[in-house]
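Okay, structure first, notes after.
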Amino acid sequence: MIKEQYYPQAIEKKWQNIWDEKGCNKTTENSDKPKFYALSMFPYPSGRLHMGHVRNYTITDMIARYKKMQGYNVLHPMGWDSFGLPAENAAINKGAIPSEWTFKNIDYMREQLKQLGLMYDWDREVATCTPEYYKFTQWLFLQFYKKGLAYKKEAAVNWCPKCATVLANEQVIEGKCWRCDSTVEKKYLSQWFLKITEYAEQLLQDLDKLEGWPDRVKIMQKNWIGKSFGTILKFKLAENPEIEIPVYTTRPDTAMGITYVVVAPEYPDMDKIVTDECRAKVKEYQDYAKKASEIERLSTERIKTGVPLGTHIINPLNGNKVPLWTADYALIEYGTGAVMAVPAHDTRDWDFAKKYNLPIIEVIRNPEKTDDSPLTEAYVDEGILVNSGQFNGLKNTDAKKAITDFAEKNGFGYAKTQYRLRDWLISRQRYWGAPIPIVYCEHCGEVPVPEDQLPVLLPTDVDFKAEGESPILTSKTFVETTCPICGGKAKRDCDTMDTFICSSWYYLRYTDPHNDKLPFAKDKANYWMNVDQYVGGIEHAILHLLYSRFFTKAMRDFGLVDIDEPFENLLTQGMVLKDGSKMSKSKGNTVDPDEIFEQYGADTARLFILSDSPPERDFDWSDAGVEGCYKFLNRVWRLVYNVQNQLDITNLTYEYATLPKDAKALARKTHQTIKGVINDINNSYQLNTVVSKTRELVNAISEFSQNKKDYTAEEKAVLNEAIVVMVKILAPVTPHLSEEIWEILGNKTSVFEEKFPEYIEEYTKADAITLVLQINGKTRDKIELPVGVSKEECEKLALESEKVKKFLGDMNVIKVIVVPLKLVNIVAK
RNA sequence: GCCGAUGUGGCGAAAUUGGUAGACGCACCAGACUCAAAAUCUGGCGUGGUUCACCCCACGUGCCGGUUCGAGUCCGGCCAUCGGCACCA
């Protein structure tokens, strides 16, 4: 007996309980089916789900359920990226305890995810902030350490002098502290780095293997790694030839045009290369440079600043003596921290030289320039060398090699491949993260914590508001410890790891989440990996995805897995907007998923979020749109209700060729829909058109059944086939409703045990085609033709068309282009 | 600033990848049902012109230019909006 009304809340609760009780979503490695690993980027437990989450997880769930119906053994897990700044801010602002705050959020959000009807295997849930998890985050750090891939060096942090604390970039607002508005400075601390640069070449090369990734993401990663071929040139200080200043350049061909050299304000040996007269000014400039961010410093728009050091270097190519400056457009992190300046052929150098009246020497001649008139702007393109002594007349592309060879032969330079990618700074002067498992012993120095003593637990006796370099320093139980080697007094490292470390290996933990000996067992990881479909926001295109790729390669080299890349296919979904801008609390344009579930049910929310935009594009939430989807599901329900007396899925056979016209049309629509839906899913998951096509099928079924009272057996079969297909196609999108209708159809098992429908090619073909007739590319007529008309016949019919004749008038036909079964274009004058 | 995207009716979008622009939906308008409203059903719906209607014509995919028999789709140059920029995740 079918209820007349669609009650989504009751249906959803019912099926969520059934799935839970029957353990429908449990996954094991023991299966004859091929495996499929579907993964969403796990959330930070901020408190409540937002629509971005709903979108991400619905897309992945639709894919996971579809693959399950395609006969795969599907792993679809979920967890929590639960270390991070907001928990600590809650501690600072509201006196919350970070772990309690975090787990409360997790509990709430888990319930919300369950309400969305996601096909997760909750037995595999992980949270990065649990000791069971971060034990292995620490363990992995130790593997990096053992292989020499983790090292310490001085690096800058944002320092608020008033609060006397380290700030995250996010806490620096226009150069000021977020809490007290003081100007933020740089402070140098000894911090841990991971040698991602050691993998730069592999990370670059293997991008080619990632055929299932969007090009834009690969291009961004490629540019981020930033491989460049260049030359190191070493310049001696004129005032003291003992001191050498190496520079890195990708334009050695312009080296004869060097008119000054710039070192970064943080240049380590600055003291030795400044004259006493300039020292004070340079110091002042270094202080000024501390206040600018890197983005500001590199901007070509920014007004260039700098001060001379009073010293000079000798250009070994031509013996020229040129001044040495410091300027903040040179970055200490890139190359050698010093750059040669050729204002004639570099726009930043040009601006700087113009401002400070430094000479400009043209050495690359634009082929279109015929005289020695002065340049009016930097010429950065290719040309012929001039003013370059023995290298005059060479093409600049050839001169790169010639000058590098010359430098190498004479001992003042060599070719060098350089990457823009820098080593990964992982130390955070924060509480809510995985402690770095290192102790510092008075006698033995830096000592890694032995693996059997992991985890190094986070202390709880911490003052979050204290001044200093890390809140953990205030713990009485944590800092002081004994040395694992000599048993003497030692101090723990009080920094925690960047949370990106935790999220760089979680996809492997899901394959073996309860292992207490290892992060994961190799055979389980090898069974499930790679992730077949990874879905998440485009904002992670570089950092998270690059770090995860790096971790995978490192773990492979540690012998933990046998894979080179973690994510086979990547889908980067767009943002959820409301009224044209990103949903945010500050704009007050958020929509709470809970309210939508309550009012319309999860199926409506799922349907809407998939239907209006393709996954990769931004999605504009509209209240009217949700309403429309809710009405559609009601229509589906009513459709089934109205034909309840005709429902019979025990006999779905019919003779297609001899069907009456309307039944044939419905059968064709059914098979065209299956074909279209499968194509759309295979074609980079065009889920919005999957929904459109499903709507078209529903429209066709309604139309067919509307005024029909007496069905022949064949008509009934056609109708029931269409309904079965409709339910199965809807199942990945609206799982609860589909299960309910599936049950109404008389089935005792879940619709997800069913195979996704297959189509019969013959049934998708139309009886007739429409031939479009154009004159000079403009459509003038359309004619209906049976399939199988020859090319010649098309042309003949086209020229016979009354409308074509009318438009041709007395023009002469020059050419006729025929696209078989589609279009005829008559070119006429 | 650098790197990467996006731009089509009032709105979200579609277009078998160079071949009928606007499928499907939202909003709106008209009609049916109703005492009435909601819900539901039917029809209309790019702009302008001609036409009572049917029909027909011109224009139209951010802007300018190019390639082509034919361009939303390819090429060059602009403009606008959005994402990332290494300590938010």
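Chain letters run A, B, ... following the sequence lines, proteins first and then strands; every chain starts at 1.
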Compute whether any side-chain donor of one residue and acceptor of the other, for Tyr334(A) and Gln418(A), lie under 3.5 angstrom apart.
-> no
Aromatic ring pairing His53(A)/Tyr57(A), orientation class (parallel under 30°, perpendicular over 60°, tilted between) = parallel
Given A14(B), is OP1 or OP2 found less than 4.0 Å from the side-chain N or O atoms of Arg617(A)?
-> yes
U6(B) phosphate, OP1 or OP2: any side-chain N/O from Arg216(A) under 4.0 angstrom?
-> no
Parallel, tilted or perpendicular: which describes the rings of Trp192(A) and Phe141(A), with under 30° parallel and over 60° perpendicular?
-> perpendicular
Does Arg428(A) come within less than 4.0 Å of Asp495(A), counting only side-chain N to carboxylate O?
-> no
Report yes or no: is there a donor-acceptor pair, N or O only, under 3.5 Å between the side chain of Gln706(A) and the base of C41(B)?
-> no
Indicate, with a heavy-atom threshold strictly under 4.0 Å, whether Phe807(A) touches base, sugar-phosphate, or nothing.
-> sugar-phosphate
Residues Glu802(A) and Arg780(A) bridged, charged N to O under 4.0 Å | no
Per the O4'-C1'-N9-C4 / O4'-C1'-N1-C2 angle with a 90° window around 0, G22(B) comes out anti
Calculate the interatomic distance between Gln573(A) atom CD and U6(B) atom P; express it in whole Å.
-> 16 Å
Based on Watson-Crick and G-U pairs with both distances under 3.5 Å, what dot-bracket line describes RNA chain B 5' to 3', crossing pairs as [ ] and inter-strand pairs as |?
-> (((((((..(((......[....))).(((((.......))))).((((......))))..(((((..]....))))))))))))....
Rounded to whole Å, the OH-C1' distance (Tyr329(A) to C2(B)) equals 17 Å
With a 4.0 Å cut-off on heavy atoms, is Asn679(A) in touch with a base, just the backbone sugar-phosphate, or nothing at all?
-> nothing
On RNA chain B, nearest-nucleotide positions of Gly84(A) versus Asn683(A): which is more 5'?
-> Asn683(A)
Taking OP1 and OP2 of C85(B), is either one under 4.0 Å from a side-chain nitrogen or oxygen of Asn169(A)?
-> no
When rounded to the nearest 0.5 Å, the distance separating CE of Met811(A) from CG of Asn776(A) is 6.0 Å
Please tell me which of the listed nucleotides, C87(B), G12(B), C24(B), lies nearest to the side chain of Arg695(A)?
-> C24(B)
Find the distance Gln221(A):CD to C2(B):C1' and express it as a whole number of Å.
-> 17 Å
Specify the separation, in whole Å, of atom CE of Met109(A) and atom C1' of A89(B).
-> 12 Å
Test Lys693(A) against every option in Asn688(A), Asn679(A), Asp680(A) by the side chain to side chain donor-acceptor pair (under 3.5 Å) rule and name the one that passes.
-> Asp680(A)
State which of C87(B), G12(B), A27(B) makes the closest approach to the side chain of Lys631(A).
-> A27(B)
When syn is taken as a glycosidic angle within 90 degrees of 0, is U8(B) syn or anti?
-> anti
Answer whether the closest heavy-atom distance between the side chains of Phe608(A) and Ser622(A) falls below 4.5 Å.
-> yes
When rounded to the nearest 0.5 Å, the distance separating CG of Leu543(A) from CE of Met220(A) is 11.0 Å
Could you give the distance separating G72(B) and G66(B) at their P atoms, to the nearest angstrom?
-> 15 Å
Can you check whether any acceptor in the base of C85(B) is under 3.5 Å from a donor in the side chain of Glu539(A), or vice versa?
-> no
Out of A86(B), C88(B), C26(B), minimum distance to the side chain of Leu85(A) belongs to C88(B)
Quote, to the nearest angstrom, the P distance that separates G1(B) from A14(B).
-> 30 Å
How is Pro86(A) classified with respect to the nucleic acid when contacts are heavy atoms under 4.0 Å: base, sugar-phosphate, or nothing?
-> nothing
Out of C57(B), A13(B), C26(B), minimum distance to the side chain of Arg780(A) belongs to C57(B)
Ring centres under 6.0 angstrom apart (Tyr507(A), Phe567(A)) | yes
Nearest to side-chain heavy atoms of Gln191(A), which nucleotide of C87(B), C88(B), A86(B) | C87(B)
Give Val172(A) one of three labels, base, sugar-phosphate or nothing, depending on what nucleic acid heavy atoms sit under 4.0 Å from its own.
-> nothing
Thr499(A) vs A89(B): side-chain N/O to OP1/OP2 distance below 4.0 Å | yes
In whole angstrom, what separates Gln686(A)'s CD from G12(B)'s C1'?
-> 15 Å
So what does Phe500(A) touch, heavy atoms closer than 4.0 Å: a base, only the sugar-phosphate, or nothing?
-> base
Does a side-chain heavy-atom distance below 4.5 Å link Val591(A) with Lys578(A)?
-> yes
Within the structure shown, what part of the strands sits under 4.0 Å from Leu421(A) by heavy-atom distance: base, sugar-phosphate, or nothing?
-> base
Kindly compute the distance separating OH (Tyr134(A)) from CZ (Phe83(A)), expressed to the nearest 0.5 Å.
-> 5.5 Å
Determine the Euclidean distance between corresponding C1' atoms of G48(B) and C35(B); express it in Å to zero decimal places.
-> 44 Å
Any Lys803(A) side-chain N or O less than 4.0 Å from OP1/OP2 of C56(B) = yes
Choose from A5(B), C88(B), G12(B) the nucleotide whose nearest atom is closest to any side-chain atom of Ile219(A).
-> A5(B)
When you check the phosphate oxygens OP1 and OP2 of C59(B), does a side-chain N or O of Lys778(A) lie under 4.0 Å from one of them?
-> yes
Between Arg348(A) and G1(B), does any side-chain N or O lie under 4.0 Å from OP1 or OP2?
-> no
Under the side chain to side chain donor-acceptor pair (under 3.5 Å) rule, collect the residues that match up with Lys805(A), sequence neighbours excluded.
-> none
Quick one: label Leu167(A) by what it contacts on the DNA or RNA (base, sugar-phosphate, nothing), any heavy atom closer than 4.0 Å.
-> base
Which nucleotide, C24(B), A89(B), C82(B), lies nearest any side-chain atom of Met575(A)?
-> C82(B)
Report yes if a side-chain nitrogen or oxygen of Asn223(A) is closer than 4.0 Å to either non-bridging phosphate oxygen (OP1 or OP2) of G4(B); otherwise report no.
-> yes
Listed pairs, N/O of protein and of nucleotides 19-23 of chain B, under 3.5 Å:
unit_1: G19(B); atom_1: N2; unit_2: Asn825(A); atom_2: ND2; d: 3.4
unit_1: U20(B); atom_1: O2; unit_2: Lys782(A); atom_2: NZ; d: 2.7
unit_1: A23(B); atom_1: N1; unit_2: Ser692(A); atom_2: OG; d: 3.3

